[in-house]
Amino acid sequence: MSSPSKAAPARKPRAGRPPSAPLAATVTPAQAHLASVRGPLLDWYDRNKRDLPWRRTRDSYAIWLSEVMLQQTQVSTVIPYWERFLARFPTARALASAPLDDVLAGWKGLGYYSRARNLHRAAQEVVARFGGTLPSTAAELLELPGFGRYTAGAVASIAFGEEAPLVDGNVARVFSRIFEVEGLPGDRQREATLWALATALVKGERPGDFNQALMEHGATTCRPENPLCLLCPVRGACVAFRKGRVDELPPAKVRATPKKLTLAVAVWPHAGTLLFARRADAGLFGGLWELPAAEIADDAPDSEARARLSAALGVDVTLEGALGTVKRQLTHRDLSLRLLRVSGPRRPASTPAFQELRWCAPDDAEKLGMSTAMQRALDIALGAGVLPGG
DNA sequence: CACGCGTGGAC
DNA sequence: TGTCCAAGCGT
């Protein structure tokens, strides 16, 4: 439970006015600008924060889990995952002792699966080195897998009350506008300025709530498009608002065009099961299960797809028919899965191309960690009736 | 430092 | 339908 507000809401000076008299002697205009932001934002947060499930707990593990899931992922997507995952792995110790396959299955559909692998490894380290409880400082947290500067600051401040700064996409946008920070995302000078601002501002009462106030403000009011400046608690301090530059700060990041990736996917039924393979740990969908897949040229004929799958499986498979194509847009990949029903002279148990092969009935496949793209491919294959009674 | 890494929501 | 993008991290 978040601590109730005890802070008297600070009065913000009106836009363009010098700092008030009691501060003027020892406080620079820059410091006064900072002070005019902290109090109003914290006060606004107390009145307007959303009732999110991880704001109802003080369990550092639960808060940690929320921060990892929220990386590059929207709140509404995370909520059901967080609740299910926490019910299944209620403590760091429970998570640490679970098989990685179970952890990846719990992450199924959430994306960026290395987060789950790092979370699992970090839980094991926490058990081995810290008796199952997270260390309480950002500096220590930063040593654990999956903790970068942001997540270390978030967990240290929110779960442990450390005056640890954080900068995420929201905070970068909020600061860029209020303090007119120039530069493209990734620019070294820009990042340094943002972190310096975060470091200065977090000092004071309730650092965790203040950090959340910054992010909440960015997510709901100081939005990328159509920001709600008329409802903004720090409008009077916002340089971009005063100068009419809200829409141009921060500059949008330049995105690379997604590369095309086409995979031939083997749908190989046998005795009520299909053949599954586990992908390599690194790279796209690392460590997840799939219907065995091999990269092909986008315009490759089925004969070439058959050859690629035969090589990957170490068995000369026969093409029994095409079942369609699954197309998915990833951030940096334009993914096509060409589903090919195959059969073979024998059933492979292991191959060089895959870490592990397994024949699974549909019910067992439910429990495997799998990407959404592959889940869709599986649904299509089953819908096409490749298994009797399926 | 640039790139690889997923997904679903918003418009 | 297309496009952008959201509470980043690892290499």
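Just so you know, these numbers use all the heavy atoms, side chains as well, and skip hydrogens, waters and symmetry mates. So you know, we letter chains A, B, ... as the sequences are listed, proteins then strands, and number each from 1.
- For the pair Arg115(A) CZ and dG8(C) P, the computed distance is 9 Å after rounding to whole Å.
- Residue Ala256(A) is classed as having no contact, given no heavy-atom separation below 4.0 Å to the nucleic acid.
- Residues Val342(A) and Glu320(A) approach most closely at C-CG, 3.8 Å, considering heavy atoms.
- Remark: Arg333(A) is not in phosphate contact with dG6(B), judged by side-chain N or O atoms under 4.0 Å from OP1 or OP2.
- Rounded to an integer number of Å, the gap from Arg117(A) CZ to dG8(C) P is 21 Å.
- Among the heavy atoms of the strands, none lies under 4.0 Å from Arg279(A).
- Residue contacts shown for Gly218(A) are absent, as no nucleic acid heavy atom lies under 4.0 Å away.
- Aromatic ring pairs are classed by plane angle as parallel below 30°, tilted from 30° to 60° and perpendicular above 60°; the pair Phe89(A) and Phe85(A) is tilted.
- Across all strands shown, Arg255(A) has heavy atoms under 4.0 Å from base atoms, whether or not it also approaches the sugar-phosphate.
- Pair check for dC1(B) finds none; no Watson-Crick or G-U wobble contact set falls under 3.5 Å.
- OP1 and OP2 of dG6(B) both lie 4.0 Å or more from every side-chain N or O belonging to Lys108(A).
- Counting distance only, with no hydrogens placed and no angle test, the side-chain atoms of Thr73(A) and the base atoms of dG6(B) include a donor-acceptor pair under 3.5 Å.
- Annotation: dG8(B) and dT1(C) have their C1' atoms spaced 15 Å apart (nearest Å).
- Nucleic acid contact for Trp54(A): base, since at least one base atom lies under 4.0 Å from a heavy atom of the residue.
- At dC5(B), none of the side-chain N or O atoms of Ser114(A) fall inside 4.0 Å of OP1 or OP2 (strictly under the cut-off).
- No hydrogens or angles were tested; on distance alone, nothing pairs the side chain of Ser76(A) with the base of dG9(B) as donor and acceptor under 3.5 Å.
- dG8(B) atom C1' lies 12 Å from atom CG of Leu330(A), rounded to whole Å.
- In this structure, of dT7(B), dC9(C), dG4(B), it is dT7(B) that holds the atom nearest to the side chain of Ser371(A).
- For the pair Arg328(A) CZ and dC5(B) C1', the computed distance is 14 Å after rounding to whole Å.
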Could you walk me through whether Thr28(A) and Gln31(A) satisfy the side chain to side chain donor-acceptor pair (under 3.5 Å) test, starting with their C-alpha distance in whole Å, then the side-chain angles of each, then the deciding distance to 0.1 Å, before giving a yes or no?
CA-CA 5 Å; Thr28(A) 65; Gln31(A) 287 169 324; 3.3 Å; yes
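- Within the structure, every side-chain polar atom (N or O) of His332(A) is placed at least 4.0 Å from both OP1 and OP2 of dG4(B).
- Stacking of Arg84(A) on the aromatic ring of Tyr81(A) is recorded, both the 6.0 Å distance cut-off and the 45° axial limit being met.
- The side chain of Thr151(A) places an N or O atom within less than 4.0 Å of a non-bridging phosphate oxygen (OP1 or OP2) of dC9(C).
- Distance, Asn226(A) CG to dC4(C) P: 16 Å, rounded to whole Å.
- Counting heavy atoms from C-beta on, the side chains of His270(A) and Trp359(A) come closer than 4.5 Å.
- To the nearest whole angstrom, the two P atoms, one in dT3(C) and one in dG6(B), are 22 Å apart.
- Among the nucleotides dG6(B), dC9(C), dG8(B), the one closest to any side-chain atom of Gln72(A) is dG6(B).
- Both Leu284(A) and Gln74(A) lie close to DNA chain B; mapped to their nearest nucleotides by heavy-atom distance, the more 5′-ward contact belongs to Leu284(A).
- If Glu225(A) and Met370(A) are placed on DNA chain B by their nearest nucleotide, the residue sitting closer to the 5' end is Met370(A).
- The interatomic distance linking Asp281(A) (CG) with dC9(C) (C1') rounds to 17 Å, in whole Å.
- Looking at Tyr112(A), its side chain comes within 3.5 Å of the base of dG6(B) through a donor and an acceptor atom.
- Mapped onto DNA chain C by nearest heavy atom, Asn118(A) and Glu216(A) fall at different nucleotides, with Glu216(A) at the one closer to the 5' end.
- Residue-level contact check: Leu52(A) touches the bases, meaning some heavy atom is under 4.0 Å from a base atom.
- No engagement by Ser66(A) is indicated, since no non-hydrogen atom pair under 4.0 Å with the nucleic acid exists.
- Across the protein-nucleic acid pair, Met69(A) atom CE and dT7(B) atom P stand 14 Å apart, rounded to whole Å.
- Thr331(A) contributes a side-chain N or O that forms a donor-acceptor pair with the base of dT7(B) under 3.5 Å.
- Across the protein-nucleic acid pair, Trp64(A) atom CH2 and dC9(C) atom P stand 13 Å apart, rounded to whole Å.
- Minimum heavy-atom separation, Leu201(A) to Arg38(A): O-NE, 2.6 Å.
- Looking at Lys327(A), Arg328(A), Lys260(A) one by one, the single match for side-chain contact (heavy atoms from CB on, under 4.5 Å) with Asp334(A) turns out to be Lys260(A).
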